Amino acid sequence: MTECRACGALVDDDEGMCPACGASLPGSTESFAPVSSILTKTGARISVSDGPVLVVRKGPETGESFYIDRPSLSIGRDPESDIFLNDMTVSRKHAHLELVDGIVFIHDDGSLNGTYVNGVCVDRAQLADGDVVQIGTFQMVFSGGRTGS
């Protein structure tokens, strides 16, 4: 048994795809260096990076990582978005991330379907390690945030 890199589920060694999240699994000849991970609030594990990151756990781009490396990043279906989420359930200008003194905030930009953090629809929220962000059909896990006042 091995652990799925995208969601942390245990998977038989001969599986090519994770039955829990649908992520492609490395073949028997593929290798990778171990990385540390965190346990999310929903029980899944994601890799810990050097800085804040959103990792797609469910949706069309499972396993994709979006590093939050600038003061502001736009999220949407518009191809000009910093984080391009190509699905009709995502508004063209859906939301944006704001990085302030090492703390990451997410803001909904008046989207049609809303922006959710840990299952709660939010206009603005501070993100902490393990938070689950839902935008349309994309479910992403946040790593690298810190809680603060």
Side-chain angles (χ1 to χ4, degrees), residues 1-33 35-99 104-145:
M1 299 286 279
T2 59
E3 189 175 289
C4 173
R5 294 187 302 188
C7 74
L10 291 178
V11 181
D12 288 332
D13 291 331
D14 59 343
E15 293 285 332
M17 180 181 289
C18 175
C21 71
S24 294
L25 301 173
S28 59
T29 59
E30 190 173 342
S31 64
F32 55 92
V35 294
S36 39
S37 63
I38 61 169
L39 189 61
T40 69
K41 292 176 182 175
T42 59
R45 290 192 175 277
I46 63 170
S47 296
V48 175
S49 68
D50 291 332
V53 63
L54 280 174
V55 179
V56 179
R57 182 173 79 174
K58 290 184 183 176
E61 303 293 331
T62 300
E64 182 79 26
S65 297
F66 300 106
Y67 292 91
I68 304 161
D69 56 0
R70 296 193 304 261
S72 182
L73 293 168
S74 60
I75 304 171
R77 190 169 36 93
D78 183 339
E80 298 296 317
S81 297
D82 297 312
I83 299 175
F84 174 51
L85 301 178
N86 192 15
D87 190 86
M88 292 302 294
T89 60
V90 178
S91 296
R92 288 189 186 279
K93 296 182 188 304
H94 197 102
H96 70 277
L97 296 167
E98 181 181 30
L99 178 60
V104 177
F105 297 90
I106 189 162
H107 303 262
D108 185 87
D109 291 338
S111 67
L112 183 61
N113 291 325
T115 300
Y116 294 80
V117 176
N118 300 323
V120 177
C121 189
V122 299
D123 289 326
R124 178 182 189 268
Q126 179 179 327
L127 297 180
D129 282 336
D131 281 349
V132 176
V133 176
Q134 180 90 31
I135 294 179
T137 60
F138 291 84
Q139 190 177 82
M140 299 168 278
V141 179
F142 177 76
S143 173

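This one's a predicted model, so the numbers in the text were calculated from it and none came from an experiment. These values consider heavy atoms only, across backbone and side chains, with no hydrogens, waters or symmetry-generated copies.
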request  = Report the distance from atom CG of N86 to atom CG of D78, rounding to the nearest 0.5 Å.
outcome  = 11.0 Å
Close side-chain approach of P60 and T137, heavy atoms under 4.5 Å = yes
query = Going through the distances and angles, do D82 and L97 end up as a side-chain contact (heavy atoms from CB on, under 4.5 Å)?
reply = CA-CA 10 Å; D82 297 312; L97 296 167; over 6 Å; no
key: Audit row: M88, R77, side-chain contact (heavy atoms from CB on, under 4.5 Å) steps and yes/no   = CA-CA 8 Å; M88 292 302 294; R77 190 169 36 93; 4.0 Å; yes
inquiry  = Within this structure, what is the NZ-CD distance for the pair K93 and E80, rounded to the nearest 0.5 Å?
reply    = 8.5 Å
D123 atom CG: more than 12 heavy-atom contacts under 6.0 Å = no
request  = Kindly give the heavy-atom pair with the smallest separation between V56 and E61, and that separation in Å.
outcome  = CB-O, 3.4 Å
ask   = Do you know which two heavy atoms are closest between V53 and I68, and how far apart they sit?
value = N-CD1, 4.2 Å
task = Could you tell me whether the side chains of S111 and D108 share a donor-acceptor contact shorter than 3.5 Å?
result = yes
query = Would you say the side-chain atoms of S91 pair up with the backbone N or O of L112, donor to acceptor, closer than 3.5 Å?
reply = yes
query = Minimum heavy-atom separation for N113 to T89, with atom names?
reply = ND2-O, 2.8 Å
task = Please name the pair of heavy atoms, one in D131 and one in Q126, separated by the smallest distance, quoted to 0.1 Å.
result = OD2-O, 3.8 Å
ask   = Can you check whether G114's main-chain N or O pairs, donor with acceptor, with H94's side chain at less than 3.5 Å?
value = yes
request  = Rounded to the nearest 0.5 Å, what's the gap from CD on Q134 to CG on N118? Could you check?
outcome  = 11.0 Å
remark   = Tightest non-hydrogen contact, residues S74 and S81, listed as OG-CA, 3.4 Å
note = In terms of heavy-atom contacts, D87 and F138 come closest through CB-CE1, 3.6 Å
inquiry  = Under the criterion side-chain contact (heavy atoms from CB on, under 4.5 Å), I'd like the reasoning laid out for R57 against V132: C-alpha separation, chi angles, the key distance, then a yes or no.
reply    = CA-CA 9 Å; R57 182 173 79 174; V132 176; 4.0 Å; yes
query = Between I106 and I75, is a side-chain contact (heavy atoms from CB on, under 4.5 Å) present by the stated rule, with each step listed?
reply = CA-CA 10 Å; I106 189 162; I75 304 171; 4.3 Å; yes
